[in-house]
Amino acid sequence: MNRTLALALLAASALTAGAVAPSLRSTSPSGVQRGTEAELKFDGARLGDAEEILLYEPGVKVLELKEVKDSYVLARVKLDADCPLGEHKVRVRTKTGISDFRTFIVGPFPQVEEKEPNNTLEKAQKIPLNSTVLGTVSNEDVDYYAVELKKGEPLAVEVEGMRLGRTMFDPYVAILDRSGKVLAKADDTALFIQDTYATIIAPADGEYLIEVRETSYGGAGNPYRVHIGSFPRPSAVFPPGGKAGESLEVKFLGDAGGDFTQTFSLPQPNRAKFGVFAERKGLSAPSFNLVRVSTFGNVNEKEPNDDAKSATTYTGSLPVAFNGIINKPGDVDWFRFTAKKGETYDINVYARRIRSQLDTVLVVADADGKTITSNDDTGGADSYVRFTVPRDGEFTLKISDHLGYGGPECTYRVELTPVVPELNTFIAEINKRMVKPPVDSLAMIFEPSIVSRFADCGVMVLDSPTDVIPAALKYLLLDPDSKKPEDLAKAAELIKGVRPYIRKFHSSEYINALAGGNICLAFGYSGDILQARDRAAKAADKRNIAYAVPAQGAMLWIDVAAIPRDSPNPDNALRFLDFMLEPKVAAASSELTGYAN
């Protein structure tokens, strides 16, 4: 069993803190090009005393705050030429507090503003190749863009809609020739889920059109970014994982310009996700392909391995990762490994979790292929089993798709890892990092010399200034309800000092992150911690989550169920409240959520 430490916060906000805390609603534009200088506008409320823009990824520098108003801050920023692509998190720090998180995207291409009218083929907006268009979709709106291509030239189109995190914009994209014939189209994709992309090789010299709209012709001023160019846009990467600290040569699959290889250095496995950006002829894909990073090596399938007799064989010791491709409909892959009686292994298939198209089925069998156990979706949309070896010898694994689907980009990864005894994991996760950690103190979160020791195994903190700032004030022996600017500034400096060691600020994700062992320390609400504890106890590895109330004290919060004065059905509302107050119902609610009522 694993042992994970959770420092719980029994409280939410002091009401007066919320009255002065800054609020950040959005950033505009939604993205900027790396290697340039740009203006970013931060819209919100109570921003009039803004002093700093807090950035959480490298490569972006704030040059100046050009305008500071109560409702917005305008900043001039500079992006390094090698600034990491993708999502960048940001907050605004004022004299009275720190805002919530918002994001903007860093892209590789020059940006172009959409120009209306461009809602017919004839009025398509002409743009240069390898550009990013910042567009907006209104109700029943369709946007068209036009580019010139030579015969044989690749064209890739990728839309960022849902990933911007601004509105519920589910994009559709199509590539058409000048006559309006659809050459490629896409809605949802395995790679980007509700965002989408399409690629072609130009069949002739000429003009080609790109259509962008909401999938059901909806829209309400929804922003999007569409990358249009000859950049690579692979749908998969193989192998989809490798050993931490080593170089990994991968093959990018599914790109219109053909498959190609690239080599990457893999980091240590202390990040929830790691992605590799495809590059070809000096052009980078706007978004990454996911790659698993593990502490053990790879075994890639060797075809033919369509039955137990021809299984790809690994004779080394476990743990290990098997990588393969279900490369055609009806394909199955077999692997063979050796284990000893009494050993217990977690066998995890990674397919949907690395954005593959597969819905896997896993079979664990004996040396002759006779099934011992199997699984479809225990690992979410992926397969997972806990396998206790019944005898010394060889065993086999079979991987297939639930509906018999397959194709050259249908990659997967199977990780066989031993179940680690509780004592070993406890030492590795807690005592190895610190002797007698002060688990009942806010120092676990606010003391840099302490929280830094747990950064590698993962620390998450509530994304709620009205909870975290009062706790910081309490740790500083100040009034947690203080409205004094000098007190709030001290709290902000305290939080800023530990920011580099915090993996993520979020007010609910830490529940599953604790239960799944993706983090080892969380600062959260008491009921959420108890929910995480219960989920972990029911998991296959029976992870044990310890719960501690800070000795300095914790704030108390109360949820209120209220009936609006103009409610059209107040009698039904009263019946519902009466129902929730019935002893059996109230008890069941507390049992489920971990909160008293």
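Along the sequence shown, residues carry numbers from 1.
The shortest side-chain heavy-atom distance between D376 and T360 does not fall under the 4.5 Å cut-off. L318 has its side chain out of reach of T417: every pair of non-hydrogen atoms, C-beta onward, lies at least 4.5 Å apart. Side-chain contact between L55 and V62 is present, with heavy atoms from C-beta onward closer than 4.5 Å. Counting only heavy atoms from C-beta outward, the side chains of I450 and P437 never approach each other to under 4.5 Å. The shortest distance between side-chain heavy atoms of P448 and V498 falls below 4.5 Å. Counting heavy atoms from C-beta on, the side chains of Y197 and T189 come closer than 4.5 Å. Residues L129 and L155 have side chains in contact (heavy-atom distance under 4.5 Å, counting atoms from C-beta outward). In this structure, the side chains of E249 and P239 stay at 4.5 Å or more apart for every pair of heavy atoms.
Annotation: the span from Q194 atom CD to D170 atom CG amounts to 4.5 Å, rounded to 0.5 Å. Between the CG atom in L397 and the OG atom in S383 there is a gap of 11.0 Å [rounded to 0.5 Å]. Of the inter-residue distances, the one linking Y501 atom OH with I445 atom CD1 reads 13.5 Å to the nearest 0.5 angstrom. Within the model, atoms OG of S287 and CD of E87 stand 10.5 Å from one another, a figure rounded to the nearest 0.5 Å.
Looking only at distances, a side-chain donor or acceptor of T196 sits under 3.5 Å from a matching main-chain atom of D187. For D255 (side chain) and G257 (main-chain N/O), a donor-acceptor pair under 3.5 Å exists by modelled atom type. Between the side chain of R166 and the backbone N or O of T27 there is at least one donor-acceptor pair closer than 3.5 Å. Of the possible donor and acceptor atoms, none in the side chain of E153 sits under 3.5 Å from a partner among the backbone N and O of S230. Counting only distance, with no hydrogens or angles, the side chain of S235 and the backbone of R233 share no donor-acceptor pair below 3.5 Å. Here the side chain of R225 pairs no donor or acceptor atom with the backbone of L134 at under 3.5 angstrom. Between the E394 side chain and the T315 main chain, no donor and acceptor come within less than 3.5 Å of each other. Between the side chain of T312 and the backbone N or O of K302, at least one donor-acceptor pair lies under 3.5 Å. Judged purely by atom type and a 3.5 angstrom limit, N375 uses its side chain to pair as donor or acceptor with the backbone of Y384. No donor-acceptor pair under 3.5 Å is formed between the side chain of D80 and the backbone N or O of D82.
Between D392 and K340 no salt bridge is recorded (no basic side-chain N to carboxylate O distance below 4.0 Å). Salt-bridge check for D195 with R163: passed, with a basic side-chain N closer than 4.0 Å to an acidic carboxylate O. Using a 4.0 Å cut-off between charged nitrogen and carboxylate oxygen, E415 and R292 count as a salt-bridge pair.
Qualifying ring pair (Phe, Tyr, Trp, His ring centres under 6.0 Å) partners for F505, counting only residues two or more places apart in sequence or in other chains: F101. Remark: R352 engages no residue in a side chain to side chain donor-acceptor pair (under 3.5 Å) (not counting sequence neighbours).
Scanning all heavy atoms of the two residues, the minimum distance from A184 to I200 falls at CB-CG2, 3.6 Å. Between L514 and A522, the shortest heavy-atom contact is CD1-CB, 3.8 Å. Scanning all heavy atoms of the two residues, the minimum distance from S356 to A190 falls at O-CB, 3.8 Å. Nearest heavy atoms, L164 versus Y224: CD1-CA, 3.8 Å. The two residues L248 and G241 make their nearest non-hydrogen contact at CD2-O, 3.5 Å. Scanning all heavy atoms of the two residues, the minimum distance from T36 to Q33 falls at OG1-O, 2.5 Å.
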Trace of the side-chain hydrogen bond (donor to acceptor under 3.5 Å, both in side chains) decision for Q111 with S131: CA-CA 6 Å; Q111 299 189 158; S131 297; over 6 Å; no
Begin from the C-alpha positions of K251 and D259 and carry the test salt bridge (charged side-chain N to carboxylate O under 4.0 Å, His left out) through to its verdict. CA-CA 7 Å; K251 177 181 284 189; D259 299 344; 5.2 Å; no
Worked check of side chain to side chain contact (heavy atoms under 4.5 Å, CB included) between S374 and L362: CA-CA 5 Å; S374 63; L362 166 68; over 6 Å; no
Determine, stepwise, if the pair D333 / Y412 fulfils side-chain hydrogen bond (donor to acceptor under 3.5 Å, both in side chains). CA-CA 11 Å; D333 288 342; Y412 64 87; 2.7 Å; yes
So E509 and K504, salt bridge (charged side-chain N to carboxylate O under 4.0 Å, His left out) or not? Walk me through it. CA-CA 9 Å; E509 282 187 11; K504 192 169 187 178; 2.7 Å; yes
Apply the test ring pair (Phe, Tyr, Trp, His ring centres under 6.0 Å) to residues F523 and Y510: give CA-CA distance (whole Å), side-chain angles for both, the deciding distance (0.1 Å), then the verdict. CA-CA 9 Å; F523 184 58; Y510 62 86; 9.3 Å; no
For the pair V60 and K78, evaluate side chain to side chain contact (heavy atoms under 4.5 Å, CB included) and give the outcome as yes or no after the intermediate values. CA-CA 6 Å; V60 183; K78 181 178 181 179; over 6 Å; no
Taking it one step at a time, do T371 and D366 satisfy side chain to side chain contact (heavy atoms under 4.5 Å, CB included)? CA-CA 7 Å; T371 298; D366 64 15; over 6 Å; no
Audit row: R353, N348, side chain to side chain contact (heavy atoms under 4.5 Å, CB included) steps and yes/no: CA-CA 11 Å; R353 286 179 283 180; N348 262 293; 3.2 Å; yes
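One side chain, Y405 or Q357, offers a donor N or O that lies under 3.5 Å from an acceptor on the other.
Judged by a 6.0 Å distance limit and a 45° cone about the ring axis, R355 is not positioned over the six-membered ring of F192. Relative to the six-membered ring of Y56, R499 meets both conditions, a distance below 6.0 Å and an angle of at most 45° to the axis. Judged by the 6.0 Å and 45° rule, R280 forms a cation-pi pair with F260.
Checked against the 6.0 Å centroid criterion, the rings of F109 and F231 qualify as a close aromatic pair. Between F238 and F252, the distance separating the two ring centers is not shorter than 6.0 angstrom.
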Identify each donor-acceptor pair in which a side-chain atom of residues 319-328 lies under 3.5 Å from a protein atom, sequence neighbours left out, and give them as a table.
from, atom 1, to, atom 2, distance (Å)
N323, OD1, R413, NH1, 3.1
N323, ND2, N298, OD1, 3.2
N323, ND2, N300, OD1, 3.1

